[in-house]
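A short write-up of the structure that comes next.
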Protein chains: 2
Amino acid sequence: MNDGRGKVRGLRRSELARLTGCNLETIRYYENIGIMPPPPRTARNYRVYDESHVARLRFVMRARDLGFTLEETRDLLDLVDGRAGTCPDVQALAQRHIEAVRAKIADLRRIERVLSETVSRCTGDEVPDCAVIDALQQAD
Amino acid sequence: MNDGRGKVRGLRRSELARLTGCNLETIRYYENIGIMPPPPRTARNYRVYDESHVARLRFVMRARDLGFTLEETRDLLDLVDGRAGTCPDVQALAQRHIEAVRAKIADLRRIERVLSETVSRCTGDEVPDCAVIDALQQAD
DNA sequence: CGTTGAGTCTGTATGAACTACAGAGCGTAA
DNA sequence: TTACGCTCTGTAGTTCATACAGACTCAACG
């Protein structure tokens, strides 16, 4: 696994899963649908991953966690891979994603504000009704 | 639909869908799984909604849009409904969600920064390789 | 007054994105 | 050398919706 110069030589699927926190089966799924590249194999047909796979999978997972669809993630990866066409194309694609990201941030901030107001106004007493809970109802 | 005092009397499912932007079928789905309460029915078995359903459904949709799972959304609704137990319980639940939201915001900001740096450094020329695209690779 | 077109009802099928399982092969350590 | 854990493949199941089929209702139009 180590070539003695501090570089990881090869990772098995379970190791890639552990390093990224990705589900073992999802790695194969991403390969099947073309999100992850098919890695080289050992003589006995075992997949062998390296740092580039770790970085790519982490990127995919963060994008998914942030609510991008797999198709949107594919676009982001095309950007990463320089497969998004000409520079103006790249700019336009990135700009659309920036706007989507900003909208998500704004929404999350609204939710965060309402939640923290609720919590801070909570007395912490053993009262079943917080009297501030209905603040959440107007959370928009 | 209107009692003459500015209050909506009853909404059909399609009207609830239009007011909230929710898919028509999803409303029934949410009722089936207990996210939305079963509304009263007309003599002919048509569902009748009111403003409380509008507010609740909007809340659910925003929570889902912000990446909360249906189960988490259920927790938030319990909070709203005062069904989450004592006030300290409510605080703890809300606090966990606040932390999840803040983590998401931090992730999104990182993504946003990298994307806008990419775009701003783009020349806009018809060059297939932007020379900044690999910045995205380190987007973590 | 009848029929027609839009809206509703139910159950079920389809879709996206995973996630788990079954059955076979590999590999290493006791 | 066999036991245990890992890998491989294909396929089935889960979650969160979304769409469809077939029957019913209802208001309007001629």
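Note: hydrogens, waters and symmetry copies are ignored here, and every other heavy atom, side chains too, is used. Lettering of chains follows the sequences in order, A, B, ..., and the numbering in each one begins at 1.
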Under the salt bridge (charged side-chain N to carboxylate O under 4.0 Å, His left out) test, residues paired with A/Arg28 that sit two or more places apart:
A/Glu25
Whole angstrom is fine here: how far is it from CG in B/Leu57 over to P in D/dA17?
11 Å
Could you tell me which residues satisfy salt bridge (charged side-chain N to carboxylate O under 4.0 Å, His left out) with B/Glu112, sequence neighbours excluded, listed by chain and number?
A/Arg102
Could you pull out all residues at least two apart from A/Pro37 that satisfy side-chain contact (heavy atoms from CB on, under 4.5 Å)?
A/His53, A/Arg56
With ring pair (Phe, Tyr, Trp, His ring centres under 6.0 Å) as the rule and sequence neighbours excluded, what pairs involving residues 98-120 of chain A come up?
none
Annotated protein contacts, base or backbone, on nucleotides 11-18 of chain C with a non-hydrogen cut-off under 4.0 Å, one of B, S, - each:
B-----BB
Any side-chain N or O of B/Arg44 below 4.0 angstrom from OP1/OP2 of C/dT8?
no
Output yes when at least one side-chain N/O atom of B/Arg13 is less than 4.0 Å from OP1 or OP2 of C/dT10, else no.
no
For B/Arg41, all residues meeting salt bridge (charged side-chain N to carboxylate O under 4.0 Å, His left out), sequence neighbours excluded:
B/Glu31
What residues form a side-chain contact (heavy atoms from CB on, under 4.5 Å) with B/Tyr29, not counting sequence neighbours?
B/Ile33, B/Leu70
With sequence neighbours excluded, what pairs up with A/Phe68 under the ring-ring contact (aromatic ring centres under 6.0 Å, His included) test?
A/His97
Between the protein and nucleotides 1-5 of chain D, list the N/O to N/O atom pairs that are separated by less than 3.5 angstrom.
none

Considering only nitrogen or oxygen atoms on both sides, find all protein atoms under 3.5 Å from nucleotides 1-4 of chain C and state each distance.
none

Taking side-chain hydrogen bond (donor to acceptor under 3.5 Å, both in side chains) as the test, write out the residues that go with A/Ser52, two or more places apart.
A/Asp50
In chain order, what residues pass the side-chain contact (heavy atoms from CB on, under 4.5 Å) check against A/Asp107, with sequence neighbours excluded?
A/Arg110, B/Asp65, B/Leu66
